[in-house]
Amino acid sequence: MRVAGQGNIGAIVSFVGQVRDLNEGDAINTLTLEHYPEMTEKALVEIENQAKTRWNIIDSLIIHRVGILKPQDQIVLVAVTSAHRGDAFHACEFIMDYLKTSAPFWKKEVTNQGERWVEAKLSDDAAKARWHKSSGLK
Amino acid sequence: MRVAGQGNIGAIVSFVGQVRDLNEGDAINTLTLEHYPEMTEKALVEIENQAKTRWNIIDSLIIHRVGILKPQDQIVLVAVTSAHRGDAFHACEFIMDYLKTSAPFWKKEVTNQGERWVEAKLSDDAAKARWHKSSGLK
Amino acid sequence: MNIKILYFARIKEAVNYSTEDINLPADVSTVITLKNHLSQRGENWANLFNGKQVVRAAINHTLVDDLAKIQAGDEVAFFPPVTGG
Amino acid sequence: MNIKILYFARIKEAVNYSTEDINLPADVSTVITLKNHLSQRGENWANLFNGKQVVRAAINHTLVDDLAKIQAGDEVAFFPPVTGG
């Protein structure tokens, strides 16, 4: 994604996700991100294409880490550029909601009580479902 | 705003506004930002306090430039940290909508046709008004 | 009573003042009566303050509407709709 | 027909396989019939694929539902609901 030298860009919205030190009340030692590489590639391209179809954005960038992470490590970066701020805000949030529910990543936490897979959240499905409705978000 | 060493932060949303090289079809040579310093201070504190009351955010930061800017210069940075992404996204967008409509800044453009004050946009008032409704945006 | 008035942006350029200290007549005690008072200073002032243009006001750094009361020592500011961000 | 199956995350650990090449019986030609087929491999397989747990499927890297058709040479993947981002 280019920003320098792009005089048509008026807005840059970015999201950084970071590993929290507590989840469900337990201290997190490490977080392991597993994924399905070929499907990940396809899913990320598809999510970015959908965002570009729905909003008037100039460019977008998704970086998602995999492997073993520690609290305060960055997990994901989503950045979107557009002429006007609404497009970049909505497209960035849309990409995150779709990443959470449509891209093949799985998190496993190591706490002092042992290992556990992170459960999918209903709130993430609800966040994604908002984009289907004619809800004024687009 | 601290990010390093804050293990409770799960989401960092930032917005950067940038001077575009074209506005209303005319090439922009410079953009001058005038403001009312004492009121600006008060307005920014008030906007951040409102955001902190409405969403579960950890911290926020607003940097707004004044004086003479050129295309591709950064005008404004708004960054918000929270445990969960929805709070940071909504608070960041809220702060931008309020900055656009409630903070005493005025833009004057210099084009090849001369100087002109930028007109306030009805779309900015509409963007701000969304936050009054029980629109699900919270 | 004595107050201070500040003008910004397009308004400042139109009246060619950025700030003034002024002693108000007894019947001028709200934003709207102050606007009417200023309208009488001449054509450029009348054009701004006769109500046909949107002129926002702040008292002591807080946005107020036309009916807001003005008190001695207040800092009153006039400016066009804001366009920051 | 011959297909390839991949297992991920919790599913991979439960079946203790990450990938396998398999020759399917003639009556197994959809995701749901493949799930039923795998259920017969033993208790840990049955627990996963008897429909009580949410197991998502992808064919050739695209998310599909239980009625999706499987064709020779397909890469079928089974995994729990995703939790990235």
Side-chain angles (χ1 to χ4, degrees), chain A residues 15-20 23-24 31-47 62-67 69 74-78 92-109 114-128, chain D residues 2-22 30-32 34-35 38 43-85:
Chain A
F15 175 87
V16 173
Q18 197 168 280
V19 181
R20 287 181 302 130
N23 195 27
E24 315 273 324
L31 183 71
T32 303
L33 264 294
E34 182 179 334
H35 78 136
Y36 179 4
E38 297 87 348
M39 186 172 168
T40 304
E41 276 307 309
K42 199 165 167 176
L44 299 194
V45 168
E46 168 64 20
I47 292 167
I62 303 175
I63 297 175
H64 201 301
R65 292 180 66 189
V66 292
L69 305 179
Q74 297 176 331
I75 307 174
V76 60
L77 166 72
V78 175
C92 188
E93 202 177 355
F94 170 90
I95 289 172
M96 273 309 302
D97 287 347
Y98 271 68
L99 259 186
K100 287 264 180 188
T101 51
S102 303
F105 293 97
W106 301 276
K107 289 189 181 118
K108 181 194 256 182
E109 295 172 343
E115 290 186 351
R116 65 186 183 199
W117 289 98
V118 173
E119 296 293 335
K121 285 189 210 154
L122 288 176
S123 61
D124 286 329
D125 287 327
K128 179 184 169 188
Chain D
N2 291 296
I3 64 162
K4 184 177 188 179
I5 309 183
L6 278 68
Y7 305 92
F8 290 96
R10 188 201 303 277
I11 314 276
K12 175 174 71 181
E13 291 185 353
V15 303
N16 211 17
Y17 268 105
S18 64
T19 177
E20 63 175 311
D21 292 302
I22 182 175
T30 60
V31 170
I32 186 68
L34 176 56
K35 283 181 174 178
L38 295 173
E43 200 184 332
N44 54 337
W45 293 83
N47 285 342
L48 285 170
F49 290 107
N50 64 3
K52 290 188 184 148
Q53 285 199 33
V54 179
V55 176
R56 303 243 190 266
I59 297 181
N60 301 329
H61 319 123
T62 297
L63 209 60
V64 295
D65 62 27
D66 273 357
L67 298 179
K69 291 252 183 295
I70 298 171
Q71 300 188 306
D74 278 353
E75 178 173 310
V76 178
F78 291 112
F79 44 80
V82 303
T83 57

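Below, chains carry the letters A, B, ... as their sequence lines are ordered, and counting in each starts from 1.
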(message) Atom CD of residue position Gln74(A) - does it have more than 12 heavy atoms of other residues, nucleotides or ligands inside 6.0 Å?
(response) no

(request) For Asn16(D), look at atom CG and say whether over 12 heavy atoms of other residues, nucleotides or ligands are found less than 6.0 Å away. (result) no

(request) Flag the pair Arg10(D) and Glu34(A) as a salt bridge only when some basic side-chain nitrogen lies within less than 4.0 angstrom of an acidic carboxylate oxygen. (result) no

(request) Indicate yes or no: at least one non-hydrogen side-chain atom of Leu63(D) is less than 4.5 angstrom from one of Met39(A). (result) yes

(message) Parallel, tilted or perpendicular, judged at 30° and 60°: which one describes the rings of Phe8(D) and Trp106(A)?
(response) parallel

Less than 4.5 Å to any heavy atom of chain D: does that hold for the side chain of [X], its backbone, both, or neither?
X	answer
Glu41(A)	neither
Lys42(A)	side chain
Lys100(A)	both

(request) Quick one: pull up CD in Glu109(A) and OG1 in Thr83(D) and give me the separation to the nearest 0.5 Å. (result) 9.0 Å

(message) Within this structure, what is the CD-NZ distance for the pair Glu13(D) and Lys108(A), rounded to the nearest 0.5 Å?
(response) 3.5 Å

(request) Look at the side chain of His61(D) and the backbone N and O of Thr40(A), then say whether any donor-acceptor pair between them is shorter than 3.5 Å. (result) no

(request) Please report the closest heavy-atom contact between Pro104(A) and Val82(D), naming both atoms and the distance. (result) CA-CG1, 3.7 Å

